[in-house]
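In what follows, chains carry the letters A, B, and so on, assigned in the order in which the sequence lines appear, proteins first and then strands, with residues in each chain numbered from 1.
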Amino acid sequence: MEFHPHDLLKLKGEEDLICDSPLQDWVKESLSRAPFVVVRRAPLMKKLVPVGVRGESRSERFAAFIPYDKILETITPEQLVEKTSWEQNERFHFIDALQSLPHVSKTLSRFSENWGPTGSVGFELASNVYTAKPTSDLDLVVRTPSLLPMELAVDLKTQISKVKVRVDVQLETPNGAIALDEYSNGKSPVLLRTENGPQLVKIQEIWNT
Amino acid sequence: METLTFEYRATRTIHQRSHVGVVGSGDLEVLLEPSSNGQAQITIRTGSEGFGDAWKAVLDRFFLVNDIAAKVTINDFGATPGVVNLRLAQALEVSQDVPHHQR
């Protein structure tokens, strides 16, 4: 089985999580509202997937693991795009980040076939539970298995800045993720998020194997 | 939104202003400016409330090793301590004007 950071995993409930510290109350409440966890960027353990539980505020994040056999369903950011899931979302007209998805989708289709919403918007689209706020940014992951030429990166940043919410694009390279905002700046080094933690890498070495 | 401030005694100076990092989930912006009052004065604005102890632990360690006189402004968007530490190191490097990454 293959899992990537930002994939959403459906589970039965809190009892299926494995964690080092006791579950806080907000974690239980959060899982009973929406039984989904987010795959974290951390090494896969044997038959255990590193995941995080989202709470309502930014400070509410809880790290745990889920055994493979407790995963009921995997929803990738790409699947949310394939289904154009925002069209069915009842809050489409109230949340700017959701409303900007058709434009973003049209723009991104020129750059990558593999992309999708993450963060609160992705979570809401996958779970159908109110998660995004009117002030939410739109977080996106864009798969870039090979070097994204700088002109394209700058073009993408320009195009994507035209929507009315702040769009935060993470470029997922084979070595880890970088922020489009930082990469398109052209300055070295950039911060690469790897499964063994963040590191600074030279801009010309991001895609090196 | 929460604002945290920290102060450390400093003996070393930095050469120039530096600005690193990005506005985005799990990241932060760090602005370092030279200061002449013999202190590192750090101001953090963060959307993740209740992490004062974690900030103190990261900053204590960083400014013990790097006792620079500087005004440090941080805009945090939920960065982990690892990311904070890297961005501080990056800001310090740029402020000392040795851009060998670009050679």
Side-chain angles (χ1 to χ4, degrees), chain A residues 5-6 24 26 38 40-42 52 54-61 63 117-122 133 135-141 157 161 166-171 176-194 196-206, chain B residues 1-4 16-32 44-58 61-62 65-66 74-103:
Chain A
H6 305 298
Q24 288 161 280
W26 71 259
V38 190
R40 282 185 290 131
R41 196 179 302 279
R54 288 185 72 94
E56 284 189 343
S57 77
R58 213 176 223 163
S59 52
E60 291 178 338
R61 297 288 186 270
T118 58
S120 62
V121 168
K133 295 179 181 151
T135 52
S136 289
D137 291 348
L138 178 60
D139 292 331
L140 302 176
V141 59
K157 165 128 200 261
S161 305
R166 230 195 66 75
V167 185
D168 182 4
V169 178
Q170 292 284 319
L171 301 174
I178 54 170
L180 173 67
D181 276 0
E182 186 168 28
Y183 178 62
S184 61
N185 236 332
K187 287 193 203 145
S188 191
V190 300
L191 188 123
L192 179 73
R193 296 167 190 279
T194 77
N196 298 312
Q199 57 188 82
L200 291 171
V201 297
K202 293 181 191 172
I203 196 163
Q204 60 271 39
E205 292 178 0
I206 297 168
Chain B
M1 193 60 77
E2 186 177 26
T3 303
L4 303 166
Q16 59 172 10
R17 185 180 177 277
S18 70
H19 180 207
V20 302
V22 291
V23 176
S25 305
D27 215 315
L28 74 163
E29 283 183 302
V30 179
L31 177 65
L32 279 191
I44 301 158
R45 280 169 49 82
T46 175
S48 306
E49 294 175 11
F51 287 94
D53 292 347
W55 279 104
K56 184 172 186 308
V58 173
R61 203 164 43 167
F62 187 84
V65 180
N66 306 289
I74 294 176
N75 283 319
D76 171 58
F77 308 95
T80 59
V83 171
V84 174
N85 204 46
L86 271 184
R87 289 295 191 199
L88 283 170
Q90 185 187 10
L92 177 61
E93 185 160 341
V94 176
S95 75
Q96 290 173 328
D97 192 28
V98 195
H100 57 77
H101 297 290
Q102 288 161 30
R103 275 183 208 159

Results of side chain to side chain donor-acceptor pair (under 3.5 Å) for B:Ser18 - residues two or more places apart only: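 With sequence neighbours excluded, B:Ser18 shows a side chain to side chain donor-acceptor pair (under 3.5 Å) to no residue whatsoever.
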Sequence neighbours excluded, which residues qualify as side chain to side chain donor-acceptor pair (under 3.5 Å) partners of A:Asp181?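 Counting only residues at least two positions away or on another chain, A:Asp181 forms no side chain to side chain donor-acceptor pair (under 3.5 Å).
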Report which part of B:Val83 has an atom under 4.5 Å of a heavy atom belonging to chain A: side chain, backbone, both, or neither.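 For B:Val83, heavy atoms of backbone and side chain both lie under 4.5 Å from chain A.
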Structural part of B:Asp27 lying under 4.5 Å from a heavy atom of chain A: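 Both parts, backbone and side chain.
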Less than 4.5 Å to any heavy atom of chain B: does that hold for the side chain of A:Arg193, its backbone, both, or neither?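 Side chain only.
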Inspect the surroundings of CG in A:Asn196 and state if more than 12 heavy atoms from other residues, nucleotides or ligands are less than 6.0 Å away.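 More than 12 heavy atoms, drawn from other residues, nucleotides or ligands, come within 6.0 Å of this atom.
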Would you say A:Glu56 has more than 12 foreign heavy atoms packed within less than 6.0 Å of its CD? no
Could you tell me if the side chain of A:Arg166 sits less than 4.5 Å from the side chain of B:Val23, heavy atoms only?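 Yes, at least one pair of side-chain atoms sits under 4.5 Å.
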If we define contacts as heavy-atom pairs under 4.5 Å, which of A:Gly119, A:Pro198, A:Ser57 has the most with chain B?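 Ranked by contacts with chain B, first place is A:Pro198.
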Identify the two heavy atoms, one from A:Leu191 and one from B:Leu86, that lie closest to each other, and give their separation to 0.1 Å.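 Answer, listing the atom of A:Leu191 first, then B:Leu86: CD1-CD1, 3.9 Å.
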Out of B:Gly50, B:Gly24, B:Gly78, which one racks up the most heavy-atom pairs below 4.5 Å with chain A?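 Most pairs with chain A among the choices: B:Gly24.
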